[in-house]
There are 2 protein chains.
Amino acid sequence: MPKRTKAEAEATREALLDAAEIVFLERGVSRASLEQIARQAGMTRGAVYWHFKNKSDLFHAMLDRVKMPLRQLLDDVEDPERPHAPLTSLRLACLHALERLQRPRSQRVHTILFHRCESSGDIDMLGLQSHLAQECYDTMVERLEQAQRDGALGKDVDPEIACRMLMSMFGGLMHDWLRDPTQYALDETGPRMIETFFTRIAHLPGER
Amino acid sequence: MPKRTKAEAEATREALLDAAEIVFLERGVSRASLEQIARQAGMTRGAVYWHFKNKSDLFHAMLDRVKMPLRQLLDDVEDPERPHAPLTSLRLACLHALERLQRPRSQRVHTILFHRCESSGDIDMLGLQSHLAQECYDTMVERLEQAQRDGALGKDVDPEIACRMLMSMFGGLMHDWLRDPTQYALDETGPRMIETFFTRIAHLPGER
DNA sequence: GCAAGTTTACATTCATGTATGTATGCCTGT
DNA sequence: ACAGGCATACATACATGAATGTAAACTTGC
């Protein structure tokens with residue numbers, strides 16, 4: 001029964017993306033065939049090739065549905081009326097990101113990114129990740145330097161090093177937890193890690 | 001000119017593993033064909049199938065050449081005559097691991113593990129990683145609990161949380177740096193991150 | 001009726017595994 | 001010590017299957 005209405009066509013496009021998430025997740029991106037994805041969505045490969053140029057295009061379209069730059073995370077937690085201290089902003093943004101990560105779609109896609117795909121040739125995970133990381137680094141280091149000027153950072157804590165620590169810790173946390181979400185409760189352990197990091201990196205009461 | 005001496009056969013086996021590292025690295029594990037690996041080693045697929053059961057077997061053999069459990073790292077830095085404080089042991093082990101990571105073979109293989117392979121079906125990265133991580137967690141948490149009993153840990157620092165933080169940070173550091181080793185000098189930034197972590201997680205002078 | 005959306009059919013490529021060929025190293029008996 | 005004989009260490013050839021991309025057919029909204 002080909003040729004649906006325009007809205008139905010858009011629905012099959014979404015169904016194909018949903019299917020891609022499922023199949024990529026359980027078979028891995030490279031072993032997943034477009035045939036399997038199409039069947040998962042109740043379609044045939046023809047539908048895939050109509051909506052997407054090829055597997056790589058489908059993959060990137062899937063990513064676009066969950067993209068969320070740090071900038072936006074910060075905007076979400078920042079109130080233009082009463083701005084937070086820079087460390088507070090970063091901390092809240094991290095907590096917010098943790099919450100989002102647990103949303104089913106976000107969790108699926110990030111699991112795929114970390115554990116179910118390899119960077120090579122037509123996908124180029126590295127360029128994508130590097131770009132994201134650079135942007136993240138720039139905005140974070142900015143806040144941390146401000147925090148230092150405010151005297152909010154521990155005296156021997158270098159902003160750039162703290163920035164790398166936070167990025168590595170957060171990325172590593174995602175990596176570890178997504179590998180096996182049953183090993184610990186992210187919504188308990190995650191926040192405690194974030195809290196401990198910011199508490200300890202900050203200028204402590206009693207510290208000279 | 002087939003049929004080499006026993007020593008030569010072992011040499012071709014090593015050559016095949018070297019070739020696998022190179023081809024896996026630049027093409028990704030799934031896109032790498034045994035043909036390409038064999039040619040990289042100056043052999044044919046026959047040689048590969050003689051020495052290894054299939055690609056998965058070859059892959060695991062490649063991993064076996066760089067395996068280094070945390071236990072061994074700790075043994076390397078610990079002097080049975082004069083044992084270190086637990087936090088010192090962990091710190092030294094981390095630094096030692098960073099050094100090893102920069103060795104060409106280790107760097108290549110870990111880059112493959114983090115960025116050039118996907119967990120699915122006959123490879124099962126997840127089981128492998130989970131096992132490693134669990135072992136790592138257990139031995140680290142042990143030391144951190146000892147550190148806490150010694151009063152060496154900051155008063156609001158939970159050993160299990162600190163353990164996850166360190167593991168995530170270290171794993172994230174590897175992940176980030178291996179993605180693009182030119183972005184920063186690991187032998188500068190790495191140690192400074194480790195130092196900052198242990199300094200700040202430890203009980204600080206002046207802390208109540 | 002025309003074009004959007006989807007199916008079916010087909011041609012091509014490519015990796016895998018296996019089976020077979022083959023020359024050489026190694027060993028054993030004498 | 002050396003002459004078979006056998007297992008080793010590969011190379012080559014082939015059969016198979018699976019995935020891709022494209023072209024053509026079909027079906028329905030507008």
Side-chain angles (χ1 to χ4, degrees), chain A residues 1-20 22-62 112 116-118 120-124, chain B residues 1-20 22-62 112 116-118 120-124:
Chain A
M1 67 250 22
K3 181 53 184 176
R4 316 285 172 74
T5 171
K6 214 166 188 97
E8 283 173 319
E10 181 56 26
T12 73
R13 193 191 124 97
E14 293 296 309
L16 288 172
L17 290 171
D18 290 344
I22 293 172
V23 178
F24 283 159
L25 189 61
E26 64 184 22
R27 302 255 315 161
V29 173
S30 64
R31 285 179 30 125
S33 74
L34 298 181
E35 171 75 22
Q36 292 164 343
I37 292 171
R39 287 195 46 175
Q40 172 74 31
M43 300 277 138
T44 66
R45 256 172 56 247
V48 177
Y49 277 104
W50 176 257
H51 288 282
F52 309 98
K53 197 183 164 201
N54 49 32
K55 195 200 271 190
S56 170
D57 188 35
L58 170 64
F59 180 80
H60 284 99
M62 182 189 76
I112 292 169
R116 299 294 200 283
C117 72
E118 52 182 59
S120 61
D122 51 357
I123 293 285
D124 185 33
Chain B
M1 68 255 12
K3 180 56 182 175
R4 316 285 171 75
T5 171
K6 217 167 185 91
E8 283 173 320
E10 182 56 26
T12 73
R13 193 191 125 98
E14 293 295 311
L16 288 172
L17 290 170
D18 290 344
I22 293 172
V23 178
F24 282 159
L25 189 60
E26 65 184 23
R27 303 253 318 158
V29 173
S30 64
R31 286 178 31 125
S33 75
L34 297 183
E35 171 75 23
Q36 292 163 343
I37 292 171
R39 286 197 44 167
Q40 171 74 32
M43 299 278 137
T44 67
R45 259 173 53 250
V48 177
Y49 276 104
W50 175 255
H51 287 282
F52 308 99
K53 197 184 163 201
N54 49 32
K55 195 201 272 189
S56 170
D57 188 35
L58 170 63
F59 180 80
H60 284 100
M62 182 189 75
I112 292 169
R116 300 293 199 283
C117 73
E118 52 183 59
S120 62
D122 50 358
I123 292 286
D124 185 32

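Values reported hereafter were calculated over all heavy atoms of this structure, with side chains retained and with hydrogens, waters and symmetry mates removed. Letters go in sequence order (proteins before strands), and every chain restarts at 1.
Between the CZ atom of B:F52 and the C1' atom of C:dT16 there is a distance of 17 Å, rounded to whole Å. Rounded to an integer number of Å, the gap from A:L16 CG to C:dG5 P is 13 Å. Between the CZ atom of A:R31 and the P atom of C:dT16 there is a distance of 12 Å, given to the nearest Å. Atom NZ in A:K55 sits roughly 20 Å away from atom P in C:dT13 (whole-Å rounding). Counting to the nearest Å, the C1' atom of D:dA19 and the OH atom of A:Y49 are 8 Å from each other. Atom C1' of nucleotide D:dC10 and atom CG of B:L34 are separated by 15 Å, given to the nearest angstrom. One atom, CD of B:E35, and another, P of D:dA13, lie 12 Å apart when rounded to the nearest Å. Following rounding to the nearest Å, B:D122 (CG) and C:dT16 (P) show an atom-to-atom distance of 11 Å.
Residue contacts for A:A47: at a heavy-atom cut-off of 4.0 Å it reaches a base atom on one of the strands shown. Nucleic acid contact for B:T44: base, since at least one base atom lies under 4.0 Å from a heavy atom of the residue.
With a 4.5 Å cut-off on side-chain heavy atoms, B:E118 and A:F24 do not count as touching.
Closest contact between the side chain of A:M43 and the listed nucleotides D:dG21, D:dC10, C:dT6 involves C:dT6. For A:W50, the listed nucleotide lying nearest its side chain is C:dG5; candidates were C:dG5, C:dA15, D:dG21. Distance from the side chain of A:R45 is smallest for D:dT20 among the nucleotides C:dG17, D:dT20, D:dT12.
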Distance-only check: which donor-acceptor pairs under 3.5 Å involve side-chain atoms of residues 38-54 of chain A, not counting sequence neighbours?
| from | atom 1 | to | atom 2 | distance (Å) |
| --- | --- | --- | --- | --- |
| A:H51 | NE2 | A:T12 | OG1 | 3.2 |
| A:N54 | OD1 | A:S56 | N | 3.2 |
| A:N54 | OD1 | A:D57 | N | 3.0 |

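Applying the 4.0 Å criterion to OP1 and OP2 of C:dT6, one finds that A:T12 has a side-chain N or O inside that range.
With sequence neighbours excluded, the residues forming a salt bridge (Lys or Arg N to Asp or Glu O under 4.0 Å) with B:E14 are B:R65, listed by chain and number.
In this structure a side-chain-to-backbone donor-acceptor pair under 3.5 Å is present from B:K55 to B:S30.
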**OP:** Walk me through it: do A:H60 and A:D124 pass the test side-chain contact (heavy atoms from CB on, under 4.5 Å)?
**Re:** CA-CA 10 Å; A:H60 284 99; A:D124 185 33; over 6 Å; no
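Comparing B:K53 and A:H51 by the nucleotide of DNA chain C that holds the closest heavy atom to each, the one mapping nearer the 5' end is A:H51.
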